[in-house]
Amino acid sequence: MKQRYYQLFVLILVLVAGAAVVTFTEGKPLLGREIRTHLGLDLEGGVQALLEADLPPDTPVSAEAMKTARAIVENRANGALGVGEATVQLAGDRRILVELPGEQDPEEALATLKNTAQLEFVDFSDLTQQQAIALVGQKIKTTNSTPITAGTPVTATQAITPTARIWPTVLTGADLKDAGVATSQLGEFYVSLEFTSDGAKKFGEYTQSHVGKVLAIVLDSTVLSVPTIQQAIMDGHAQITGNFTQEAANQLAIQLRYGALPIPLKVVETRTVGPTLGADSLHKSLIAGAIGLAIVMLFMALYYRVPGILADLALITYALLTFALFKLIPVTLTLPGIAGFVLSIGMAVDANVLIFERLKEELREGKSLHRSIDLGWSRAWPSIRDSNISTLITSAILFWFGSAFGASIVKGFAVTLAIGVLVSMFTAITATRTYLHIVLDNVKGSEKPEWFGI
Amino acid sequence: MLNIVKRRYLYFGISLLVILPGLIALAVWGLPLAIDFTGGSLLEVQFTGTTPSTAEIEALYTSQGFGEPRIQTSNDNIAIIRSEFLDNDARAQLLDAMKERFGDITVLRFDSVGPTVGKEVTTRASGAIALAALAIMSYITWAFRGVPHAFRYGASAIIAMLHDVAVVVGMAAIFGKVFGWQVDSLFLTALLTVIGFSVHDSIVVFDRIRENSTIYRRLPYETLVNHSIVQTLDRSINTQLTVMFTLLALTLFGGDTIRHFVVTLLIGVFSGTYSSIFNAAPILVVWENKEWRTWFKRGTAQAAA
């Protein structure tokens, strides 16, 4: 029995040492991954946006399309915006939550994210080169951008002016595999395109049957250039030329690479927190947390004496373990998250209070100290278990609620509360008990009843 | 020994006294719902130069075509402006106009929530609370399956929980009218935490009843319940105190952003402890004696006790 407590004590020491290493490692790699504190937007400042599929509410949105859209938005956020740390998550069936920490200019960032850069290759084969050039820079309608309602004969519109006509789309950005920038021998910048195998096949077939005709490259409904097909292009590579500066070519390539969204998105919610407000909140809540913890520890020590001091030690163990877990998992710390953590300190203490009250009761009834300790723990256990399970149930429901709406603050709170409850079950129950047995074994006179607040 | 159960109707009365004004406020003024639920936008902005008057800000909003802004200014050059939902372009346009008119500004916070999102949040929030209540009630009924009438324990815990919800929501209605506080998703988080805490407290008392009922089989139920409440009283008060300490520290030093949230928690947690001692356990006794049969017969004889 005794030996078990020493084994446990060693285990706890190892855990605490590990947790301390994790807690005090900041921004450095540890065991192959970078360990650092992840701060939420409310503490660091940044932009959070909720994007929603811009379709009528009763139109079903396929999960596959949402997944693709999420991946594209993530690419744009990390690649094109260069935020680097953007998180992009699905929230519910038709929404995407985007978080851009540290982003200062939300309006511009969102414009970039939402920009669809819809690339199309459009059949201009019945136009002469001259007629086609006249259309460069104009907005046109294509079969891809205009939904064709049943019964509308597409050919009937051909006689009308070119801008009112609906042009047949040959390929879209979806057939594109990659886009990059290159320079020609004359030093002009152009955008090189590589099609998917499917796209290459379509492109090859089309160019083969339309040699000498005009093929328009259309970006977001605007005619960009009107090259004439010189020969069949079978290898799936093409170029967009047109007096680009390096920057313009680069931008176009990025837009093409991060592609067309499978479904249109609109911004339904944005939250911007300035960096000053975030830093201020972080500073204040940390101070508040420290003061709260100090008062609680003082109270426990004064009221419960020796066990109280040991519970305080367990509380420090608790704080270290929890914080290390936050960094390892990682859990993004938000203001309500810190509040949840502080609240879970209260609950961690509650377990000890429950046990110590039982311990005192047993001592008053004249039982021996070791017997009272065992009884105190075993009798307090059902209350601790049931009450903590009900808190975990609440956390789970909060988490679900938070995920469905992209309300990441609610989610952060739920996660920190749940982790807090789980860790506190270990520290308040196992750690405190181990500490108590070790002290009773090794410190003379520690078993006097007055040290137990009686 | 302290007899809490005997004076149960007095404690029910105190609860009513606290809850009724809040419920009346709720009925008369309604809940001051924030943009999280209604949709709209909130701009918190700090001016570098002189702070413009509310009339000036309002004029600027109107000139940009954004109607009826509600503006609060504070003494450190900060204004909080609530208005309709503004999309990306509208926000850029508004901020440009502000910089032009009032000089350099710092955007502390700019939230904009679409109306459909707000509506959906409201529905789901009610759903979340109902689901939490149901899940917890089921769990308690299951955890107390060894004692007779296990369902009563679950139901009583939920009644005490509804008591705390009523206190907190009523408070929100009053504070909304008096101090201009708003009910946002943080408030919802606080409310759900209070629910968890309230049940947590009730379970500790119930657990003692469960344990005692196997030890003292002969004791009348009323005495048994009272005994259990008194035995857990030290724990209830001490836990209450430690949570209060941490919450008070957060209220005093935690900054403005979470102050409303923490005060809501503080009130809710206090109510949670009260209801678990003075409502949840005594309700078990009322149920056991089926006292409602005498409530309307001989008037208030019982209540005066």
Side-chain angles (χ1 to χ4, degrees), chain A residues 42 50 52 106-107 110-111 114 267-274 276-277 280-281 284-285 287-289 291-293 295-296 299-300 303 335-336 339 342-343 345-347 349-350 353-354 357 361 379 382-383 386-391 393-395 397-398 400-401 404-405 407 409-410 413 417, chain B residues 44 87-88 91-92 95 106-114 116-117 120-121 124-125 128 131-132 135-136 139-140 143 185-186 188-189 192-193 195-197 199-201 203-204 207-208 210-211 231 234-235 238-239 241-243 245-250 252-255 257-258 261-262 265:
Chain A
D42 54 348
L50 199 58
E52 188 180 79
E107 279 69 34
L110 288 178
K114 232 179 46 169
V267 180
V268 285
E269 185 184 314
T270 52
R271 291 173 188 275
T272 310
V273 177
T276 42
L277 187 67
D280 187 48
S281 303
K284 280 182 174 157
S285 57
I287 291 179
I291 293 174
L293 191 64
I295 300 174
V296 168
F299 172 82
M300 290 297 284
Y303 196 91
L335 264 188
V342 172
L343 196 74
I345 291 178
M347 296 197 170
V349 171
D350 180 52
V353 169
L354 272 167
E357 287 298 332
E361 268 180 55
R379 297 227 162 123
S383 318
D386 289 348
S387 56
N388 280 330
I389 287 179
S390 72
T391 305
I393 291 175
T394 318
S395 307
I397 289 164
L398 274 175
W400 163 79
F401 174 78
F405 287 91
I409 49 169
V410 179
F413 179 81
L417 188 61
Chain B
E44 188 173 345
D87 66 18
N88 215 22
R91 280 199 309 277
L95 289 178
T106 313
V107 177
L108 296 177
R109 188 153 61 115
F110 203 159
D111 297 345
S112 208
V113 181
T116 47
V117 178
E120 216 180 298
V121 171
R124 288 267 194 124
L131 189 68
I136 289 170
Y139 176 71
I140 298 178
S185 49
L186 266 186
L188 191 72
T189 312
L192 282 156
T193 314
I195 289 176
F197 192 86
V199 175
H200 184 114
D201 256 14
I203 288 178
V204 170
D207 175 73
R208 201 56 188 249
R210 176 172 62 184
E211 186 186 328
Q231 278 180 324
D234 278 352
R235 172 266 155 197
N238 286 347
T239 297
L241 282 177
T242 54
V243 174
F245 290 151
T246 45
L247 287 177
L248 265 179
L250 282 176
L252 294 176
F253 310 106
T257 326
I258 52 168
F261 173 70
V262 180
L265 275 179

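Per chain, numbering begins at 1; letters A, B, ... match sequence-line order.
In this structure, B:Arg91 contributes its side chain and B:Phe110 its backbone to no donor-acceptor pair below 3.5 Å.
In terms of heavy-atom pairs under 4.5 angstrom with chain B, the leader among A:Thr394, A:Thr270, A:Ile397 is A:Thr270. Interface check for chain B: of the options A:Ile345, A:Asp386, A:Leu417, A:Ile389, the most heavy-atom pairs under 4.5 Å are formed by A:Asp386. Counting heavy-atom pairs closer than 4.5 Å to chain A, the top-ranked of the candidates B:Leu247, B:Leu252, B:Thr106, B:Thr193 is B:Thr193. Ranked by heavy-atom pairs under 4.5 Å with chain B, the first of A:Asn388, A:Asp350, A:Val273 is A:Asp350. Interface check for chain B: of the options A:Gly292, A:Ser383, A:Gly289, the most heavy-atom pairs under 4.5 Å are formed by A:Ser383. Contacts with chain B were tallied for A:Ser390, A:Ser395, A:Ser285; A:Ser390 has the most, counting heavy-atom pairs under 4.5 Å. By number of non-hydrogen pairs under 4.5 angstrom with chain A, the leading residue of B:Ile136, B:Val199, B:Thr239, B:Asn238 is B:Asn238. Put simply, of B:Gly114, B:Ala249, B:Ala92, B:Ser112, the one with the most heavy-atom pairs under 4.5 Å next to chain A is B:Ser112. Options B:Ile140, B:Asp234, B:Ile195 differ in how many heavy-atom pairs under 4.5 Å they form with chain A, and the most are formed by B:Asp234.
Neither the backbone nor the side chain of B:Asp87 comes within less than 4.5 Å of any heavy atom in chain A. Using a 4.5 Å cut-off between heavy atoms, B:Leu241 contacts chain A through its side chain alone, with no backbone atom that close. Proximity to chain A (any heavy atom under 4.5 Å) is restricted, for B:Leu95, to the side chain, taken from C-beta onward. The contact between A:Ile393 and chain B is made entirely by side chain atoms (from C-beta outward), counting heavy-atom distances below 4.5 Å.
Salt bridge A:Glu361/B:Arg208: present, at least one basic N to carboxylate O contact under 4.0 Å. Residues B:Arg235 and B:Asp201 are paired through a salt bridge, judged by an N-O separation under 4.0 Å between the basic side chain and the carboxylate.
Closest heavy-atom contact between B:Thr242 and A:Val296: O-CG2, 3.7 Å. Here the shortest heavy-atom pairing between B:Ile203 and A:Ser387 reads CG2-N, 3.9 Å. Between A:Thr272 and B:Asp111 the shortest heavy-atom distance is N-OD1, 3.6 Å. The two residues A:Val349 and A:Met300 have their closest heavy-atom pair at CG1-SD, 3.5 Å.
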Check: Do B:Phe197 and B:Val243 pass the side chain to side chain contact (heavy atoms under 4.5 Å, CB included) test, and can you show the C-alpha distance, the side-chain angles, and the key distance before you say yes or no?
Finding: CA-CA 10 Å; B:Phe197 192 86; B:Val243 174; 3.9 Å; yes
Margin query: Could you walk me through whether B:Leu250 and B:Thr246 satisfy the side chain to side chain contact (heavy atoms under 4.5 Å, CB included) test, starting with their C-alpha distance in whole Å, then the side-chain angles of each, then the deciding distance to 0.1 Å, before giving a yes or no?
Written below: CA-CA 6 Å; B:Leu250 282 176; B:Thr246 45; 5.7 Å; no
